[in-house]
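Scroll down for the structure; my scribbles are underneath it.
Bear in mind that the values here come from a model prediction, so they are computed numbers and not experimental data. The basis for the numbers below is simple: all heavy atoms, side chains too, and nothing from hydrogens, waters or symmetry mates. Counting starts at 1 for both ligands and their atoms, following the listed order.
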Amino acid sequence: MKLFTVEQIRQWDAYTITNEPITSVDLMERAAGAFTEWLLRTGLAETHREIFILCGMGNNGGDGLAIARLLYQAGYRPHVYVIRHSERSSDDFVINLQRYETLAKVQWLEDPQTLPLNETGVIIDALLGSGLTRSASGLLAQTIKQINASKAEVISVDVASGLFADQANDPDDVIVQPTHTVSFQIPKLAFLQPKNAPYVGKWHLVDIGLSQAYVDLTPSPYFYTDTRAIPVLPDRESFSNKGTFGHALLMAGSYGKIGAAVLASRSCLRGGVGLLTVQVPRCGYTIIQTSVPEAMCLTDEHETELTQPNDLSKYSAVGIGPGMGQAKASQQLLRQFIAQAQDIPCVIDADALNILSQERDLLEQLPAKTILTPHPKEFERLLGKPWKDDYEKLRLLQEFSTRYRIVVVLKGKHTVVASPDGEFHFNSTGNAGMATGGTGDVLTGVLTALLAQKLEPKEAAILGVYRHGEAGDRAAARRGMVALTAGDVVDGLRW
Ligand SMILES: NC(=O)C1=CN([C@@H]2O[C@H](COP(=O)(O)OP(=O)(O)OC[C@H]3O[C@@H](n4cnc5c(N)ncnc54)[C@H](O)[C@@H]3O)[C@@H](O)[C@H]2O)[C@@H](O)CC1
Ligand SMILES: Nc1ncnc2c1ncn2[C@@H]1O[C@H](COP(=O)(O)OP(=O)(O)O)[C@@H](O)[C@H]1O
Ligand SMILES: [K+]
């Protein structure tokens, strides 16, 4: 799914209004209808609950008033408040105010302290939407504070009031903290940024029929990887043999961390590789041979660390780093590996990334088909500096990917795949149960397997990240998030 900036969303609305054609107030009616249908379907507005609808004076407030009318017509009796935050109101706000007032009166809120919000109620937050131009202040900020202080369930229309939909807020901004956000058509970029978690809650999309032609015509670097957008692995030919699916090499493990090599090996095999060789220090030999009998084991001459370069020419892809440690000899090995691997697709992870952060000249020499898989701390080390906010992080990620011509997988809740063509693909699968040791090693194995099967690094990264998260979701469905381990993610892999 393509994602858009606020300015593009505004153009998208306008394009739909002109080309469908539909009047803007009818489009608002559609949006309010879709929201109301969602609300009634979820049962959040059961009749015994009091519903408070708080409206601004722009189109988000217009949505709120249209929702109020639709609920009223469905038999509910919402309390509707309007906050006079501006001298001007939007045309569709005015039309919807008049329509509502044929049924019931709204209250113009003068003093937010008087809002009778109760704990069992539902608050519909329609103060400000994507038209936010500055931080909320004055009466708006006071109202938002009241909303946040109440224990009622809060549902934001389109985007939480006070949250910028495509740029960073100041740390001391006053922003609604909703339980749910019901957003029109596409997720806002803001929903995917880690620091915004309190200002989004669970988000849901409702379809308001915005023009598909606009989507096709309008370029954007941002994508959300949902089921419609994942690359595919080619079907297996019936006459294929193990040679068809590549021979992967995993260089992983050190004394006390051979488990990382085991997890990456298991997931590489579940990723469909034809043959797998695992290079581990001598201490890992028996462990690999007994726990991953499907893999061949190449023992390093060193007892506890990876040190020994080997002939890479027979491998179709290499994954290096999980559990590898950062011993001096392993640092030298990484240097030799990079010099040797120029024509081989590779995944560089974990300790190998930390070595890269210290030996920065190696970044310039990375093979053309490289995927790096840092978590945020590792990425910060690679950059050598922290970022100010999540959007600056994305800019730095893009610069990094373009400068070194490599794919970077920045891991987290919505793992981002950044590619040298400037695109960002935010992943939609996975869960907090995966915040446990070893799940990153599992990802490295999967990505190595996909590269060995000749997927391009960008496609391998988008697909691998998606399936890895999906495997985590299967594991969580079976075990619950708390009990989930990295091994369960391996078991959850399906293609
Ligand atoms: N036809 C359309 O354009 C549609 C718009 N929709 C709704 O319209 C919303 C966007 O509406 P608008 O662009 O009117 O903007 P908003 O309703 O988000 O904001 C209203 C106005 O408030 C002012 N404002 C911004 N920040 C402020 C602040 N901190 N303090 C005080 N005033 C502030 C601005 O002048 C802004 O235009 C969407 O989020 C969505 O809810 C939906 O009805 C779908 C269709
Ligand atoms: N809250 C979360 N929601 C979804 N996925 C998560 C979450 N936390 C972690 N993950 C995923 O789990 C993996 C963790 O990788 P990493 O941090 O390298 O762990 P490790 O080094 O222990 O293997 C990543 O793929 C990440 O996207
Ligand atoms: K809102």
Side-chain angles (χ1 to χ4, degrees), residues 6 9-14 16-17 22-32 34-35 54-64 66 83 85-93 96 124-141 155-165 173-174 176 178 181-185 188 194 197 208 210 260 263-264 321-323 349-351 353 373-378 409-416 427 429-444 446 464-465 468-469 472-473 476 481 486 489:
V6 168
I9 293 172
R10 214 186 322 269
Q11 289 167 7
W12 196 9
D13 288 337
T16 306
I17 289 166
I22 180 172
T23 61
S24 104
V25 75
D26 283 347
L27 187 58
M28 183 173 282
E29 192 69 14
R30 212 190 263 171
F35 179 98
L54 305 185
C55 305
M57 293 165 63
N59 285 340
N60 197 249
D63 290 340
I83 281 85
H85 60 82
S86 163
E87 290 307 304
R88 292 185 330 167
S89 47
S90 76
D91 295 347
D92 294 338
F93 165 87
N96 275 295
I124 295 177
D125 154 36
L127 295 170
L128 294 167
S130 57
L132 188 75
T133 48
R134 56 190 185 279
S135 307
S137 59
L139 195 53
L140 269 173
I155 305 168
S156 288
V157 178
D158 204 25
V159 55
S161 299
L163 179 65
F164 285 109
D173 278 356
V174 181
V176 168
T181 298
V182 179
S183 190
F184 300 133
Q185 209 72 38
K188 311 295 180 268
I208 62 165
L210 295 180
L263 287 165
D349 183 34
D351 286 324
L353 295 173
T373 56
H375 56 55
K377 267 277 153 241
E378 287 162 345
V409 173
L410 181 59
K411 295 182 286 194
K413 167 150 175 63
H414 292 290
T415 294
V416 195
N427 188 45
T429 56
N431 60 80
M434 296 171 77
T436 177
T439 49
D441 307 328
V442 174
L443 179 65
T444 298
V446 172
V465 165
H468 173 255
D473 290 341
M481 287 197 248
V489 180

Applying a heavy-atom cut-off of 4.0 Å, say which part of [X] lies close to ligand 1: side chain, backbone, both or neither.
X	value
Asp13	side chain
Val159	neither
Ser90	neither
Ala14	neither
Asp158	side chain

Query raised in the report: Heavy atoms under 4.0 Å from ligand 2: which residues qualify?
Result: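 The 4.0 Å shell around ligand 2 contains His375, Lys411, Gly412, Lys413, Thr415, Gly430, Asn431, Ala432, Met434, Ala435, Thr436, Gly437, Gly438, Thr439, Gly440, Asp441, His468.
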Test item: [X] and [Y] side chains (from C-beta on) under 4.5 Å apart, heavy atoms:
X	Y	result
Val409	Leu443	yes
Ile9	Lys188	yes
Phe184	Val157	yes
Ile155	Phe35	yes

Report the nearest protein non-hydrogen atom to [atom]: residue, atom name, distance rounded to 0.1 Å.
atom	answer
atom 11 (O) of ligand 1	Asn59 CB, 3.1 Å
atom 26 (N) of ligand 1	Thr133 N, 3.1 Å
atom 29 (N) of ligand 1	Arg134 O, 2.8 Å
atom 10 (C) of ligand 1	Ser130 OG, 3.6 Å
atom 18 (O) of ligand 1	Gly129 N, 2.6 Å
atom 22 (O) of ligand 1	His85 CE1, 3.4 Å
atom 35 (O) of ligand 1	Arg88 NH2, 4.5 Å
atom 9 (C) of ligand 1	Asn60 N, 3.7 Å

If I take atom [atom1] from residue [X] and atom [atom2] from residue [Y], how far apart are they, to the nearest 0.5 angstrom?
X	Y	atom1	atom2	answer
Cys55	Leu128	SG	CG	11.0 Å
Arg134	Asp173	CZ	CG	12.5 Å
Glu378	Lys411	CD	NZ	5.5 Å
Leu140	Leu127	CG	CG	6.0 Å
Thr373	Leu353	OG1	CG	5.5 Å
Phe93	Met28	CZ	CE	10.0 Å

Quick one: does [X] get an N or O within less than 3.5 Å of an N or O on ligand 1?
X	result
Gly131	yes
Ser86	no
Gly61	no
Asp63	yes

Query - Over 12 foreign heavy atoms within 6.0 Å of CG, Asp26 - result: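 Atom CG in Asp26 is crowded, with more than 12 foreign heavy atoms closer than 6.0 Å.
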Side-chain donor or acceptor of [X] paired with backbone N/O of [Y] under 3.5 Å:
X	Y	value
Asn431	Gly472	yes
Asp349	Asp441	no
Lys413	Pro194	no
Thr181	Ser183	no
Asp125	Ser161	yes
His85	Met57	yes
Thr439	Ala435	no

Quick check on contacts: which atoms of ligand 1 are under 4.0 angstrom from a heavy atom of [X]?
X	value
Ser135	29 (N)
Gly58	14 (O), 17 (O), 20 (C)
Ala136	29 (N)
Leu140	30 (N), 31 (C)

Query raised in the report: Asn427: what forms a side chain to side chain contact (heavy atoms under 4.5 Å, CB included) with it, not counting sequence neighbours?
Result: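 Partners of Asn427 by the side chain to side chain contact (heavy atoms under 4.5 Å, CB included) criterion, ordered by chain and then number, come out as Thr225, Thr415, Thr429, Val465, Tyr466.
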Query - By side chain to side chain contact (heavy atoms under 4.5 Å, CB included) - contacts of Ala66 (at least two apart) - result: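 If we apply the side chain to side chain contact (heavy atoms under 4.5 Å, CB included) test to Ala66, skipping adjacent residues, the hits are Glu29, Ala32, Arg69, Asn96.
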Query raised in the report: How about the K ion (ligand 3), which protein N, O or S atoms come within less than 3.4 Å?
Result: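 Within the sphere that stays under 3.4 Å of the K ion (ligand 3), the protein atoms of type N, O or S are Asn60 OD1, Asp125 O, Leu128 O, Val157 O, Val159 O, Ser161 OG.
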